[in-house]
Amino acid sequence: MSKNSKVLNLKDKISGNEVDLSLCNLTEVPVRELALFTKATVVDLSCNNITSLPPEFCNLTHLVKVDLSKNQLTCLPDDLGNLTSLQHLDLYNNKLTSLPVSFSQLRSLKWLDLKDNPLEPGLAKAAGDCLDEKQCKQCATKVLQHMRAIQDDVDRAREKRLLKEKEQEKKKEAKQREREAREKEARKREKAEEKEKRRKEYNAQVAAVAAREQQKKKSEEKKKKNGQAADKKVVVESAPKPRHSLLGLMFKLLLLLLLGLAGVAAACRFTDLRKEALCMPVNVAVDDGLSWAKEQEGVVRQLVQNLSSAAKEFLESTQASKN
C-alpha cells in the first residue's frame, strides 16, 4: 500500500519528461520508483538531505538531466559512468572532495556545476568557477579530460599491477615447477638408489649362493679325493693281505707237517711201533739227522765265535769314530 502511495505521489511530481522532487526533505533517492518511469529523463532532487546515491541509481540510464544541488553528498557511486545518456549534472553546494574514476565515461556530458564543494586541488582547478552557462560547459569538458587522465593513470597502474601480479604468478609457477622438478628428481634418485640397493642385495645373494655352491663342490671334491685316497690306501694295504694270508697258511701247513713228522718220529722211536716195518725208515732218518747234527755242532760253534768277534770289532770301531 505504501509503495502504491509513493508511486501515486511520484506521479503527482511528474510533468511531461520532468520529475520535480526538490524541497521534499528526502534523505534517499526513490530509485525503484524512478526506474518505472523511463520517459522521465529530467530529475530535480535539489534542496534535500541526500547524503549518498545508492548503486542502483547508476542503472537509470535513461536520465539526461539530474539536479542534485544543495544536498549533503560526500561521494558518488563508483559506477556513475554507466549513465551514458547524462548530459547535464548539477552538484552545486555539496560535500564532494573527489569524483569516481568512471566519471570519465560520461561522454555525453555537456554541462557540469561543482561550485561550493571541498574539491581536491587538481579537480578544483579543472572545474573552474562555473558562474555562467559557458563556464559550466567548460567545466564539463575539463573535468572529463581530468578524469580521463586519472582513468589513464588508473588503467596504467592497474595494468602495471596486473603485469606485476602476472610476473609474480609466473615466478610462483616457475618456483612451483622448480620445486616439482626437484621433488621429481629426488623421487627419481630415491628410486634409483633403492633399485641399486636391491641390485646389490641380489648380487650379494647370488654371490653367497655361488660361494656356498663352490664350497660345497670343493667339499665334495675333497671328500671324493679323500675317499679315493682311502680306497687306494685300502687297496694298497689290503693288496698284500692275500700274500700274507697265503704265507701264513703255508707256514701253518709246514708247521703242522713238521709237528706231524715229529709226532710220527716220536711214535716210531719211543713206542712199541718202532719194531714195525713202517717205522724202520723213520728211525733210520732220525738217526741220520742226529748224527749230522752232531757233526755240524763244531761248525756252528765256530760260526758263532766268528760272528761274536766281528760284532765286537764293529762296536769298537763305531765307538772310536764317535769319539
Side-chain angles (χ1 to χ4, degrees), residues 6 9-10 13 18-35 40-155 157-158:
K6 286 183 180 180
N9 291 335
L10 187 60
K13 301 292 184 180
E18 296 183 9
V19 180
D20 187 3
L21 296 175
S22 63
L23 299 171
C24 292
N25 200 27
L26 296 176
T27 57
E28 296 180 356
V29 178
V31 175
R32 293 183 180 179
E33 289 75 7
L34 290 174
T41 59
V42 178
V43 178
D44 187 357
L45 293 164
S46 62
C47 301
N48 285 292
N49 295 313
I50 302 171
T51 57
S52 63
L53 300 179
E56 294 79 11
F57 183 82
C58 301
N59 297 327
L60 303 176
T61 56
H62 61 282
L63 297 180
V64 174
K65 181 178 179 179
V66 177
D67 188 352
L68 287 164
S69 62
K70 297 182 180 180
N71 278 281
Q72 304 296 319
L73 292 173
T74 58
C75 64
L76 299 177
D78 292 337
D79 294 330
L80 189 68
N82 293 342
L83 301 178
T84 54
S85 299
L86 189 62
Q87 298 179 14
H88 186 111
L89 179 59
D90 193 344
L91 295 171
Y92 166 71
N93 195 11
N94 278 277
K95 297 181 179 181
L96 297 172
T97 58
S98 63
L99 299 176
V101 178
S102 66
F103 197 93
S104 62
Q105 300 173 12
L106 300 176
R107 302 186 182 281
S108 299
L109 190 64
K110 307 297 182 184
W111 194 97
L112 176 63
D113 189 353
L114 287 171
K115 288 192 309 297
D116 293 341
N117 280 282
L119 301 175
E120 60 184 17
L123 181 58
K125 183 178 180 180
D129 293 332
C130 193
L131 298 175
D132 54 27
E133 185 77 11
K134 182 179 179 181
Q135 288 182 348
C136 290
K137 289 182 178 181
Q138 289 178 351
C139 176
T141 302
K142 291 182 178 180
V143 167
L144 284 176
Q145 292 176 352
H146 177 75
M147 296 308 299
R148 285 167 188 165
I150 294 177
Q151 179 70 60
D152 292 340
D153 292 340
V154 170
D155 291 342
R158 183 173 64 252

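Below, each value reflects all heavy atoms present in this structure, side chains not excepted, and no hydrogens, waters or symmetry copies. Everything numeric here is computed off the predicted structure, so don't read it as measured data.
Counting heavy atoms from C-beta on, the side chains of L26 and V29 never come closer than 4.5 Å. Taking the side chain as every heavy atom from C-beta outward, F103 and Q151 never approach each other to under 4.5 Å. At a threshold of 4.5 Å between non-hydrogen side-chain atoms, the residues T74 and T51 do not count as touching. The shortest side-chain heavy-atom distance between L53 and L68 falls under the 4.5 Å cut-off. The closest side-chain heavy-atom distance from N48 to C24 is below 4.5 Å.
For residues 42-84, no pair satisfies ring-ring contact (aromatic ring centres under 6.0 Å, His included), with sequence neighbours left out.
Taking each heavy atom of L21 and K13 in turn, the nearest pair found is CD2-CG, 3.8 Å. Taking every heavy atom of both residues into account, L80 and P100 meet most closely at CB-CG, 4.1 Å. The minimum heavy-atom distance linking V143 with A127 is given by the pair CG2-CA, 3.8 Å. The two residues C136 and W111 have their closest heavy-atom pair at CB-NE1, 3.1 Å. The two residues I50 and S52 come nearest to each other via the heavy atoms CG2-O, 3.4 Å. The minimum heavy-atom distance linking V101 with V154 is given by the pair CG2-CG2, 4.0 Å.
Rounding to the nearest 0.5 Å gives a distance of 12.5 Å between CG of L34 and CD of E56. Going from atom CE of M147 over to atom OG of S102 covers 7.5 Å, rounded to the nearest 0.5 Å. Note: K110 NZ to E133 CD = 13.0 Å, rounded to the nearest 0.5 Å. Interatomic distance, Q138 CD to D132 CG, rounded to the nearest 0.5 Å: 8.0 Å. Rounded to the nearest 0.5 angstrom, D67 CG and H88 NE2 are separated by 6.5 Å. Once rounded to the nearest 0.5 Å, the distance linking CG of L23 with SG of C47 reads 4.5 Å.
For CG of D78, the number of neighbouring non-hydrogen atoms (other residues, nucleotides, ligands) closer than 6.0 Å is 12 at most.
The backbone N or O of S85 lies less than 3.5 Å from no partner atom in the side chain of S108, so there is not a single donor-acceptor pair. A distance-only check finds no donor-acceptor pair linking the side chain of D155 to the backbone of D153 [under 3.5 Å]. No donor-acceptor pair closer than 3.5 Å links the side chain of N59 to the backbone N or O of V31. A donor-acceptor pair is defined here as one N or O able to donate and one able to accept, closer than 3.5 Å; such a pair exists between the side chain of N71 and the backbone of S69.
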Indicate every side-chain donor-acceptor pair of residues 115-126 with a distance under 3.5 Å to a residue at least two apart or in another chain.
from : atom 1 : to   : atom 2 : distance (Å)
K115 : NZ     : D113 : OD1    : 3.1
K115 : NZ     : D113 : OD2    : 2.8
K115 : NZ     : C130 : O      : 2.8
D116 : OD2    : Y92  : OH     : 3.1
N117 : OD1    : N94  : N      : 3.2
N117 : OD1    : K95  : N      : 3.3
N117 : OD1    : L96  : N      : 3.0
N117 : ND2    : L91  : O      : 2.8
N117 : ND2    : L114 : O      : 3.2
N117 : ND2    : K115 : O      : 3.2

